Amino acid sequence: MDTAERTELVTRFTEEVVEASEIETLFEERESPTAYIGYAPTGEMHIGHFTTMRKLADFIDAGLDVTVLVADLHAHLDDAKSPFELLDARSEYYETAIRAMIDAAGGDTESVSFVRGTDYQLEEPYTMDLYRTIAETTISRAQRAGSEVIRQSENPKLGGLVYTLMQSLDVAALEADIAYGGIDQRGIYMLARERLPELGYSKPACVFAPLLSGLTGGKMSASEAGSKINLTDDDEAVGSKIEGAYCPAGEIEDNGVLEYLRFLVFPVFEERGERFTVERPAEYGGDLEYDSYGDLEADFVSGDLHPADLKPAASAAISDVIDPVRERLLAEPELLASAYPETHS
RNA sequence: CCGCCCUUAGCUCAGACUGGUAGAGCAGUCGACUGUAGAUCGACUUGCCCCCCGUUCAAAUCGGGGAGGGCGGACCA
């Protein structure tokens, strides 16, 4: 694989890359540049996480050395989303779920390193950098950097600001050449690009994943169960959520169903060498098969593919992609039970 | 340490002065209409009124105490 191909693999299906030329340079200079993505173990993982994990398969294929950070301290720093006592249990659940997703997406988990925040964030070098940064960063700068990530409230805690500064330091601490995350992370990594050189570290390149629309139209919402598909949803639950999903004929905007197909189902099916099949009554033209998302989208936009026919096919495909993850999590019910005692006991 | 304000449906809040066991909007659920969903109509659901004690025939409402949250002041050897 040449540099251009590797760069293309790293940057495909992304929202933004800062800067693609820097990534090319990395590949030219080194066999295995490093990339990291961090997750704060807060609420249960869902299909949105899956699409970002799917992308790791591309990273691995492109020859990047990938690290997944389970940012346990961050989970509490952000408005105490996870209670201190549950950080360990949730970290364990996240790690298992993440491995399962990478496997299901056809990535090799053996080549991914897992690190927990508390593994290094309490060590002296990191702590020293953090105090330096705290001393040198204004409140409004930190607020601006984290505004899309940190829970906003009328009476914000200091934790959210520290969270933001820590995340920008994580890039250096994990020696990542590339920081990867959802586009909501942009502010934090731009702060990292701005500040890390001042601390003597190199400036990271960034790859941002798109944030998927929720199924009810608009953004995916943690507090709205019907707006997203959970990893442990059974076929029936997936079916009824997709059936209820906002999906206007011919429209692509805010269409979660199409986005799930584009960023999750098609890439995984491609990896497996499978086709996407739509069963359709003869009166509407009979069954359809697709090899690429582009073809499907074209038919959807032109009106040749009706939402009512697409939805059941999408449900089946999503269930199929999720299934191995679901199986694995349900095989170890104690993981979820101890991570979320309120909902899984 | 002192003072003031806030706490009512999943969310934002009204009701408190003039006690009679609670309302709106949004959300949600279910129908109608669309070959899906949404939009639009129509219907419906939801409450330890923060906790305890007291006054009263009767307390979300009045009195006392407490908890949680917010704001301000003081202290600064």
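Below, read A as the first sequence line, B as the second, and so on, with proteins coming before strands; counting in each chain starts at 1. A quick note: this is a predicted structure, and the numbers were derived from the prediction, not measured.
Protein atom OH of Tyr260(A) is 14 Å distant from nucleotide atom C1' of rA37(B), rounded to whole Å. What separates CZ of Arg151(A) from P of rC11(B) is a distance of 13 Å, to the nearest Å. Separating the CG atom of Asn255(A) from the P atom of rU36(B) is a distance of 15 Å, rounded to the nearest angstrom. Look at CD on Glu154(A): it is 8 Å from P on rC13(B), rounded to the nearest Å.
Distance alone, capped at 3.5 Å, places no donor-acceptor pair between the Tyr36(A) side chain and the Asp65(A) backbone.
For the ring pair (Phe, Tyr, Trp, His ring centres under 6.0 Å) criterion with Phe59(A), the lone passing option out of Tyr180(A), Phe27(A), Phe13(A) is Tyr180(A).
Taking atom C1' on both rA16(B) and rA27(B), the two are 27 Å apart, rounded to the nearest angstrom. Between the P atoms of rG38(B) and rG28(B), the separation comes to 9 Å (whole Å). When the C1' atom is compared between rA60(B) and rC51(B), the two are found 14 Å apart, to the nearest whole Å.
A salt bridge between Lys55(A) and Asp58(A) is present, with a side-chain N of the basic residue lying under 4.0 Å from a carboxylate O of the acidic one. Residues Lys228(A) and Asp233(A) are not paired through a salt bridge, judged by the lack of any N-O separation under 4.0 Å between the basic side chain and the carboxylate. At a threshold of 4.0 Å, the pair Glu289(A)-Arg275(A) counts as salt-bridged, since one of the basic side-chain nitrogens sits closer than that to a carboxylate oxygen.
Between Phe266(A) and Phe276(A), the ring planes are tilted. Angles from 30° to 60° get that label.
Pairing for rU61(B) is absent, judged as Watson-Crick or G-U wobble with the two contacts each under 3.5 Å. Shown here, rG35(B) forms no base pair; nothing in the strands shown gives a Watson-Crick or G-U wobble contact with both key distances under 3.5 Å. rC49(B) is unpaired under the Watson-Crick or G-U wobble criterion, no partner having all donor-acceptor distances under 3.5 Å. Pairing of rG23(B), defined by two Watson-Crick or G-U wobble distances under 3.5 Å, is identified with rC13(B). When both pairing distances are held under 3.5 Å, rG28(B) makes a Watson-Crick or G-U pair with rC44(B). Base pairing of rU18(B): no nucleotide in any strand meets the Watson-Crick or G-U wobble criterion (both distances under 3.5 Å). The base-pairing partner of rC71(B), taking Watson-Crick or G-U wobble contacts with both distances under 3.5 Å, is rG3(B).
In this structure, of rG70(B), rU36(B), rG35(B), it is rG35(B) that holds the atom nearest to the side chain of Tyr284(A).
For RNA chain B, the residues of residues 237-254 of chain A within the heavy-atom distance limit of 4.0 Å (strictly under) are Glu243(A), Gly244(A), Ala245(A), Tyr246(A), Cys247(A), Pro248(A), Ala249(A), sorted by number.
Judged by a 6.0 Å distance limit and a 45° cone about the ring axis, Arg54(A) is not positioned over the six-membered ring of Phe263(A).
With hydrogens and angles ignored, no donor-acceptor pair under 3.5 angstrom links the side chain of Asn155(A) to the base of rG69(B).
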